[in-house]
Amino acid sequence: MLSFAALAAGLSVSAQSTGLSSQCTSALAQIALNSSTACIAPSTLIPIITASANTSIVGPVDSWLTNVCQVAPCSNDTLAAIVTNVTSGCGTELSALGFSSSDTATLISTVQEFYPTVRQVACLEDGNTNCVAETLTNLQDAVGNLSLTNIASLVASGNTTSLPSNVTCSNCVKAAYNTVNTAFPGLLDSENSTLQGECGTSFTDGSTPSGIVESASGSSSSDSNSASSTVSQSSFLGLGISAFLIFGSALTI
Ligand SMILES: *[C@@H]1O[C@H](CO)[C@@H](O)[C@H](O)[C@H]1NC(C)=O
Ligand SMILES: *[C@@H]1O[C@H](CO)[C@@H](O)[C@H](O)[C@H]1NC(C)=O
Ligand SMILES: *[C@@H]1O[C@H](CO)[C@@H](O)[C@H](O)[C@H]1NC(C)=O
Ligand SMILES: *[C@@H]1O[C@H](CO)[C@@H](O)[C@H](O)[C@H]1NC(C)=O
Ligand SMILES: *[C@@H]1O[C@H](CO)[C@@H](O)[C@H](O)[C@H]1NC(C)=O
Ligand SMILES: *[C@@H]1O[C@H](CO)[C@@H](O)[C@H](O)[C@H]1NC(C)=O
Ligand SMILES: *[C@@H]1O[C@H](CO)[C@@H](O)[C@H](O)[C@H]1NC(C)=O
Ligand SMILES: *[C@@H]1O[C@H](CO)[C@@H](O)[C@H](O)[C@H]1NC(C)=O
């Protein structure tokens, strides 16, 4: 069993490289230890947050998603508690990203709204391979190690336009596009012609690519008292990961 002290100590080691405040570190430890947050698989999330700056996070992300997709999704109440605790504990870090604590209520409902779709996308599989991990591996082959440092600089450069088509036009990305487009019709309209240009018109025809399956546990639309997402959770639990997620979704969408 993890203890708060052990976890806080582990997180503060990473805080030295990531620059997280002790207040933020403590909030993350509280979240990881609260039994209601099993839905975000904290024990496999921590290695991502605590990864050393130059190490690839693709392997840890793959392990985390495998775990997250197997457990029941978070309830809206749990999502609200996580966002509340992160925004209050990590206010300093978030304000550096332009977030103000007066935005918390909006953030909670945004997270709750997108969580089920983000979780569905995060749990797509190509055969037995998680689609996000597969895409990150392909991306890593194209742009170099996806370490927290490199991700931050890739995001800062905003250079996602020139990705090779064998990264962008995969069955996994097509399935992710379909999933988002089904849940939020119109959201991706501006990407339609870009993707058609790079990947061909069949890429946006809405048909399910062969070999792609949904692995999320308990994510059917009839599951009325839970919603789920891995991407939104990680956005708040790890600032480094949130960079990766923004980058990932920028290229995926
Ligand atoms: C939120 O913070 C409170 C106060 O520190 C703590 O008791 C609670 O367990 C935390 N909840 C979650 C989900 O992190
Ligand atoms: C990461 O790599 C950069 C540049 O390659 C180097 O300056 C830095 O010391 C490395 N950091 C760690 C923790 O290895
Ligand atoms: C890339 O990541 C691997 C595994 O994390 C590491 O062993 C290697 O040194 C990294 N390469 C560079 C150039 O930083
Ligand atoms: C878990 O978090 C919730 C919401 O913050 C809180 O009400 C509950 O008391 C916490 N449970 C434990 C065991 O800390
Ligand atoms: C994409 O193409 C590049 C260059 O042709 C190649 O090195 C890389 O392995 C390819 N990646 C995939 C996933 O096929
Ligand atoms: C953008 O990324 C591509 C590889 O994906 C690279 O070849 C190109 O130099 C980058 N452009 C800038 C301005 O960094
Ligand atoms: C993309 O455009 C094609 C026609 O150009 C249209 O049939 C398709 O429905 C569009 N897809 C989305 C998601 O808007
Ligand atoms: C969760 O909250 C969102 C927005 O706050 C709402 O649209 C959704 O229906 C809620 N889900 C459940 C299962 O109550």
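Heavy atoms only: backbone and side chains are in, while hydrogens, waters and symmetry mates are out. Indexing begins at 1, ligand by ligand and atom by atom, following the structure's order.
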Practice item. Walk me through it: do Val167 and Asp141 pass the test side chain to side chain contact (heavy atoms under 4.5 Å, CB included)? Key: CA-CA 9 Å; Val167 174; Asp141 290 344; over 6 Å; no
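- Between Asp126 and Lys174 there is no salt bridge, since no side-chain nitrogen of the basic residue lies less than 4.0 Å from a carboxylate oxygen of the acidic one.
- Annotation: Glu113 places no N or O atom under 3.5 Å from an N or O atom of ligand 8; distance criterion only.
- Side-chain atoms of Asp77 and Ser75 form no donor-acceptor pair, as typed in the model, at a separation below 3.5 Å.
- Formation of a donor-acceptor pair under 3.5 Å by the Thr37 side chain with backbone atoms of Ile31 is found in this model.
- Protein residues are said to neighbour a ligand when one of their heavy atoms lies under 4.0 Å from it; for ligand 1 these are Gln30, Ile31, Asn34, Thr37, Ala81, Asn85.
- For the pair Thr149 (side chain) and Ala53 (backbone), a donor-acceptor distance under 3.5 Å is present.
- The main-chain N or O of Val213 is never found under 3.5 Å from a side-chain atom of Glu125 such that the two would form a donor-acceptor pair.
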